[in-house]
Amino acid sequence: MHNIKDLRKNLNIYKKKLSDRNFHLKTELFKNLDDHNRKLVSEKEKLEQEKGILSKSKDQSNFDKSKKISEQISKLSKEQIISQKKLNDLLFILPNLAQDDVPIGKDEKSNKIIKQYGKIKEFSFKLKSHTEIGLKDNNIDFETASKLSGSRFVILKNKIALLERALINFMLDIHTTKFEYTEISPPLIVNEDVMFGTGQLPKFKDDQFEINFENSDQRKYLIPTAEVVLTNLVRKSVINKNLLPLRFVASTPCFRKEAGSYGKDTKGMIRQHQFYKVELVSIVEPKDCNKELDRMLSCAKEILNKLEIPYQIVLLSSGDMGFSSEKTYDIEVWIPSENKYREVSSCSSCGSFQARRMGAKYKSQNGNEFLGTLNGSGLAVGRLMISLLENNQNKDGSITIPNALKKYMNNLDKIE
RNA sequence: GGAGAGGUGGCCGAGUGGUUGAAGGCGCACGCUUGGAAAGCGUGUAAACGGGAAACCGUUUCGAGGGUUCGAAUCCCUCUCUCUCCGCCA
């Protein structure tokens, strides 16, 4: 969410920068809503002031007058609430602005490849996709999963299930011990306002799973990413500056409807309704956002370096970034069967955009100011596993376990 | 699931219809005091929104929302969270 005073003052700059994000801001509409709202607010306050003075006296001769003013106030304030709501409806769906060094473009075609790492392996035999690999002993079982839960679910078995668990523990250990992230085991169901805080609501309601609790007015949602809970750990609070930066890591299942992608990636584990992800979140002073983004990116890269999987870093264009982001680097791993790179991580700085939605502040010299928030996958487990299985496959159908992972795999050298 | 008790400022805690944004304390900041510190004394100490170049002014906020009243932290209703006891359960 943007600072409305700043928006008001620099309306045309915002219009231009929002259009870089594929958002068309109707400036006239905004101006009208805002002016109208402020007019109502000031009228209301004037009446309230009058009423305040009358209420302080016990003079009965004023009671009638006071009552009339109360009625007027109540009418005005209903109007004002409606106008505020209209204004909010517009304000709440404005995406964050891109930083100046973000390439301008309307979609992923304008993304910029920053650097590629590792060597893409040549296979001397006909390579298998992860779905084909999973057919062996039915260790990656889509059929049973769909019987139980429908499409876009999977059941992992035996050493493949172990591999998933191993990757999670491997990543958590690195982030907690080497990079000083605090491990969190969070709830997977959150309230509506928490989803609003990080920007999943109201705009992306269709991609969220809503949970019904009986006898409750509160809407609850399954988290689509641990970013939601980890970032909201500081919601509605004022953090002491000397506690910053805060760094959190969690491994959680993530739940997504994938509503807009019916025909896309229907085969395999690439796009599931439920998948594990190890998520990194940093809470910093806003001035440190870019420095922290670089640090976070290097934490995520470390995982792939240790697993010896080829990958590339991509700087997303203004049109391809997520709603709350001001700058995003994607990490994409090599998927041999598709002969292309696929996203396993998205590291974003959100500046104060989310903090403003959450009411998350820190004490600074100039009083309480909004924090900076960052989030990044470190990494998405399902896709990482796909990449590992495919890149490390051998002619005999076995999968070589990278050295760094062996101790997490009961010291196995290979999955036979 | 049943019964009860609660939610007040950064924290603790008074306050049961009328200048209460809110006593008192702690904490914090500044000043005095001191060789220096502690103690002591004094002063100050919320946020959001609106107006203003600023000083500053106005409105709102005592878990959230609604109601009663000329007037609500205080009375009523709904929701929410915390705690205690009982029951049930991984």
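In what follows, chains are A, B, ... by sequence order, proteins preceding strands, each numbered from 1.
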Closer than 4.0 Å, any side-chain N/O of A/R38 to the OP1 or OP2 of B/G58? no

Phosphate contact (B/G58 OP1 or OP2) by A/S42 side-chain N/O below 4.0 Å: no

Return the value, rounded to whole Å, for the distance between atom [atom1] of [X] and atom [atom2] of [N].
{"X": "A/I239", "N": "B/G10", "atom1": "CD1", "atom2": "C1'", "result": "12 Å"}
{"X": "A/N37", "N": "B/C49", "atom1": "CG", "atom2": "P", "result": "13 Å"}
{"X": "A/N88", "N": "B/A48", "atom1": "CG", "atom2": "P", "result": "17 Å"}
{"X": "A/K236", "N": "B/U61", "atom1": "NZ", "atom2": "P", "result": "16 Å"}
{"X": "A/K361", "N": "B/A48", "atom1": "NZ", "atom2": "C1'", "result": "8 Å"}
{"X": "A/K44", "N": "B/C49", "atom1": "NZ", "atom2": "C1'", "result": "10 Å"}
{"X": "A/I73", "N": "B/A72", "atom1": "CD1", "atom2": "P", "result": "10 Å"}
{"X": "A/D35", "N": "B/G51", "atom1": "CG", "atom2": "C1'", "result": "14 Å"}

[X] to [Y] - nearest heavy-atom pair and separation:
{"X": "A/H130", "Y": "A/G268", "answer": "NE2-CA, 3.4 Å"}
{"X": "A/S77", "Y": "A/K44", "answer": "CB-CD, 3.4 Å"}
{"X": "A/L316", "Y": "A/P103", "answer": "O-CD, 3.7 Å"}

When you compare [N] with [M], how far apart are their [atom1] atoms, in angstrom units rounded to a whole number?
{"N": "B/G15", "M": "B/G21", "atom1": "C1'", "value": "13 Å"}
{"N": "B/G25", "M": "B/U8", "atom1": "C1'", "value": "15 Å"}
{"N": "B/G63", "M": "B/G7", "atom1": "P", "value": "7 Å"}
{"N": "B/G65", "M": "B/U80", "atom1": "P", "value": "15 Å"}
{"N": "B/A22", "M": "B/G35", "atom1": "C1'", "value": "44 Å"}
{"N": "B/G87", "M": "B/G2", "atom1": "P", "value": "15 Å"}
{"N": "B/G13", "M": "B/A73", "atom1": "C1'", "value": "14 Å"}
{"N": "B/G9", "M": "B/A46", "atom1": "C1'", "value": "6 Å"}

With sequence neighbours excluded, tell me which residues meet side chain to side chain donor-acceptor pair (under 3.5 Å) with A/N22. none

Which one, [options], comes nearest to the side chain of [X]?
{"X": "A/S70", "options": "B/C81, B/G58, B/C70", "answer": "B/C70"}
{"X": "A/K5", "options": "B/U60, B/C70, B/G50", "answer": "B/G50"}
{"X": "A/R8", "options": "B/G58, B/G51, B/C70", "answer": "B/G51"}
{"X": "A/K51", "options": "B/G51, B/G71, B/C70", "answer": "B/G71"}

When A/D64 and A/E50 are each assigned the nearest nucleotide of RNA chain B, the 5'-most assignment goes to A/E50

RNA chain B: 5'-proximal contact among A/K67 and A/K363 (nearest heavy atom): A/K363

For RNA chain B, what are the stems built from at least three Watson-Crick or G-U pairs in a row, each pair having both distances below 3.5 Å? B:1-7 with B:80-86, B:10-12 with B:24-26, B:27-32 with B:40-45, B:46-51 with B:56-61, B:63-67 with B:75-79

Using 30° and 60° as the class boundaries, would you call the ring planes of A/F153 and A/H273 parallel, tilted or perpendicular? tilted

Any cation-pi pair here, A/R247 with A/F179, using under 6.0 Å and within 45°? no

Can you confirm if the NZ or CZ of A/K241 lies within 45° of the ring axis of A/Y362 and under 6.0 Å from the centre of its six-membered ring? no

Using modelled atom types and a 3.5 Å cut-off, is there a donor and acceptor pairing between side-chain atoms of A/S324 and backbone atoms of A/T198? yes

With distance as the sole criterion, do the side chain of A/Q49 and the base of B/G58 form a donor-acceptor contact below 3.5 Å? no

Can you list everything that forms a side-chain contact (heavy atoms from CB on, under 4.5 Å) with A/N169? Sequence neighbours excluded, please. A/R165, A/Y408

